[in-house]
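Reviewing the structure listed below.
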Number of protein chains: 2
Amino acid sequence: MASDHTRSAILAAAERLYADRGFGDVTLRDIVAEANVNLAAVNYHFGSKDELIAELFVTRSIQTNRERLNELRAAEDAGGGRAAIEDIMRALVGPTLRGCLGPDREGSTAARFMIRASIESVPPIRRIKNREVDHLRKFAAAMRRAMPGRDDTELYWGLHFALAMAHHTIREKERLLRLSEGKCDLDDVRAIIDRVVTVSVMALTMGDVPSKPAARPVLVHGRLTRQDL
Amino acid sequence: MASDHTRSAILAAAERLYADRGFGDVTLRDIVAEANVNLAAVNYHFGSKDELIAELFVTRSIQTNRERLNELRAAEDAGGGRAAIEDIMRALVGPTLRGCLGPDREGSTAARFMIRASIESVPPIRRIKNREVDHLRKFAAAMRRAMPGRDDTELYWGLHFALAMAHHTIREKERLLRLSEGKCDLDDVRAIIDRVVTVSVMALTMGDVPSKPAARPVLVHGRLTRQDL
DNA sequence: GATAGTTTCATACAAATGTTTGAAATGCAA
DNA sequence: TTGCATTTCAAACATTTGTATGAAACTATC
């Protein structure tokens with residue numbers, strides 16, 4: 001191929017427009033106008049609008065997933081094959097939060113695009129997200145190694161809640177900012193990651209949740225410390 | 001007015017179709033076909049498609065919000081004006097989770113509609129959701145009464161995380177089910193509510209727990225030495 | 001520099017969609 | 001019944017949308 005110019009211009013323009021205005025009201029004509037290319041170029045290079053969106057999303061997803069797995073492997077290597085649960089959770093939520101939050105990220109098109117993809121759920125993206133389960137299984141496996149003997153159910157709930165806090169923070173950062181009247185600092189990504197990780201680990205180490213919530217997580221926590229050593 | 005027949009038929013049909021197939025690919029023509037009414041009836045009775053969707057959503061939202069506030073007030077009355085933090089969080093997440101989860105709810109159109117509204121974020125619904133902040137402030141106020149002296153920031157983060165876990169469980173219950181290979185029981189709503197409440201309270205009372213999990217410099221800024229009395 | 005393959009372009013297509021219209025039907029009060 | 005307001009209806013409107021087409025422009029190879 002001669003030069004990716006047109007193709008890349010479309011990708012860049014599409015990502016920017018989708019990030020700014022959402023999938024709902026950005027048409028192919030908007031995109032090609034922004035990219036200064038012909039309308040037919042989209043179908044020529046990508047086949048269809050949905051495939052364009054899919055390519056945008058997979059590119060960014062692969063990026064995030066790779067970072068996650070890199071952090072996970074680093075943590076496992078450092079721990080001789082078994083990473084501490086804190087580090088596993090950090091590898092899980094860190095890349096996403098770092099990618100989408102923070103002051104400098106305000107200008108990052110990629111970040112804003114991923115936030116958009118998290119808020120609006122458009123069919124081509126949903127299809128890709130469904131395949132994410134395989135990726136998460138690797139984290140479940142690492143967690144199982146880090147907390148042997150613990151019921152799988154608890155592992156999955158902990159993983160689920162960690163993602164819940166991370167994604168919800170990204171999705172609803174505007175609302176949290178408004179609710180807290182700016183008191184919650186959403187630019188301090190480090191602190192947010194720490195916070196999510198801390199709560200996730202607490203959730204994971206609290207033991208079985210019976211029908212009564214008054215239960216105390218304290219003694220179970222002691223047991224974990226022994227295991228984790 | 002003679003009889004709300006047409007109007008209600010449209011509302012019912014719309015809610016059912018949106019719940020089943022999502023906002024993306026349900027047209028007014030689908031709705032009026034399902035309701036056995038004329039196409040123009042929608043614009044006659046509701047003004048526009050968006051106003052129809054908005055009416056559907058506000059109806060269900062008001063329902064949930066009323067339940068929440070009822071539970072909150074009941075808890076505060078029982079506690080002589082100050083409710084336990086557990087009960088506040090329960091009032092916050094209970095109604096939503098009870099409304100959208102559980103085995104019998106599989107057939108509930110209203111529940112499936114609200115799940116849909118939570119997954120897909122369509123403009124008229126987003127506009128309404130933005131007004132939800134005022135409603136949440138009442139819970140922030142109750143939490144402040146329950147945990148006096150605690151930094152507001154911590155309150156907001158706790159509130160935020162509670163909603164994160166509740167909504168994410170609703171949004172991603174399919175994925176959690178698949179990830180856990182059915183091991184996570186999403187029909188046991190009681191247990192789920194307990195779980196979310198427990199973790200939320202833990203997140204809120206982090207500073208109180210003497211045996212903090214990690215040696216992280218983590219939530220230093222949020223750990224107030226001044227505890228509530 | 002001719003040729004084959006690739007890319008770009010203007011334009012047209014076809015389908016879908018929310019909305020409007022004006023007349024017909026219906027309900028209700030006097 | 002008559003008259004008036006409300007409601008229903010079929011049909012059309014006016015866009016907008018993604019996609020397809022076929023010719024033209026370009027590129028690289030021989």
Side-chain angles (χ1 to χ4, degrees), chain A residues 1-58 113 116-117 120-128, chain B residues 1-58 113 116-117 120-128:
Chain A
M1 74 190 63
S3 80
D4 273 346
H5 171 267
T6 301
R7 212 185 126 88
S8 334
I10 292 173
L11 284 170
E15 186 168 46
R16 186 154 12 119
L17 288 181
Y18 284 143
D20 286 341
R21 294 161 33 193
F23 298 97
D25 53 284
V26 170
T27 71
L28 288 189
R29 281 170 178 83
D30 293 332
I31 294 172
V32 299
E34 179 88 357
N36 280 311
V37 301
N38 188 269
L39 174 60
V42 173
N43 289 277
Y44 177 78
H45 285 282
F46 299 95
S48 72
K49 181 198 184 189
D50 277 14
E51 288 174 87
L52 165 62
I53 295 178
E55 173 149 345
L56 281 172
F57 186 70
V58 296
F113 172 81
R116 207 48 103 153
E120 301 179 32
S121 191
V122 80
I125 289 184
R126 222 173 312 161
R127 275 192 288 272
I128 294 162
Chain B
M1 80 190 57
S3 80
D4 272 345
H5 170 267
T6 300
R7 212 185 128 87
S8 335
I10 291 173
L11 284 169
E15 186 168 45
R16 189 156 8 122
L17 287 181
Y18 283 142
D20 285 342
R21 294 162 32 193
F23 297 99
D25 52 285
V26 170
T27 71
L28 288 189
R29 283 171 176 81
D30 293 333
I31 294 172
V32 299
E34 179 88 357
N36 280 312
V37 302
N38 188 271
L39 175 60
V42 172
N43 289 279
Y44 177 78
H45 284 281
F46 298 93
S48 71
K49 181 198 183 188
D50 277 13
E51 288 175 88
L52 165 62
I53 294 178
E55 173 150 346
L56 280 171
F57 186 69
V58 296
F113 173 80
R116 212 40 108 156
E120 301 179 33
S121 192
V122 81
I125 289 183
R126 225 172 311 161
R127 277 192 286 273
I128 294 162

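These numbers were taken from a predicted model, which means no experiment stands behind them. Sequence lines set the chain letters: A, B, ... in the order given, protein chains first and strands last, and positions in each chain run from 1.
As a whole-Å value, the separation of N36(B) CG from dA10(D) C1' is 16 Å. Between Y44(A) atom OH and dC9(C) atom P there is a gap of 12 Å when expressed in whole angstrom units. Between F46(B) atom CZ and dT20(C) atom P the separation is 16 Å, expressed in whole Å. The interatomic distance linking E51(B) (CD) with dG18(C) (C1') rounds to 13 Å, in whole Å.
Taken to the nearest 0.5 Å, the CD1 atom of I53(B) stands 12.0 Å off from the CD atom of E15(B). Atoms CD1 and CD1, on I10(B) and I31(B) in that order, are 8.5 Å from each other to the nearest 0.5 Å.
Every side chain to side chain contact (heavy atoms under 4.5 Å, CB included) that S8(B) has, sequence neighbours left out, goes to D4(B). Remark: R126(A) engages no residue in a salt bridge (charged side-chain N to carboxylate O under 4.0 Å, His left out) (not counting sequence neighbours). Checked against side chain to side chain contact (heavy atoms under 4.5 Å, CB included), D50(A) has the following partners two or more places apart in sequence or in another chain: S48(A), P124(A), R127(A). Residues that satisfy the side chain to side chain contact (heavy atoms under 4.5 Å, CB included) test with R29(B), not counting sequence neighbours, are T27(B), L39(B). Considering only residues two or more places apart in sequence or on other chains, R21(B) meets the side chain to side chain contact (heavy atoms under 4.5 Å, CB included) condition with L17(B), D25(B), V26(B), D30(B).
Each end of the helix from dG1(C)-dC30(D) to dA30(C)-dT1(D) gets its own axis from five base pairs, and the two axes differ in direction by 0°, given to 10 degrees.
Side-chain contact between V32(B) and N38(B) is absent, with no heavy-atom pair separated by less than 4.5 Å.
Sorted by first then second residue, the salt bridge (Lys or Arg N to Asp or Glu O under 4.0 Å) pairs that include residues 33-44 of chain A, not counting sequence neighbours, are R16(A)-E34(A). Listed by first and then second residue, the ring pair (Phe, Tyr, Trp, His ring centres under 6.0 Å) pairs that reach into residues 17-50 of chain B are Y18(B)-F23(B), F23(B)-F113(B), sequence neighbours excluded.
For H45(A) and dT6(C), the shortest distance from a side-chain N or O to OP1 or OP2 is not below 4.0 Å.
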Review item, nucleotides 19-25 of chain D N/O atoms under 3.5 Å of protein N/O:
residue, atom, partner, partner atom, Å
dT19(D), OP2, N43(A), OD1, 3.3
dT19(D), OP2, K49(A), N, 2.9

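For DNA chain D, none of the residues of residues 8-25 of chain B falls under the heavy-atom distance limit of 4.0 Å.
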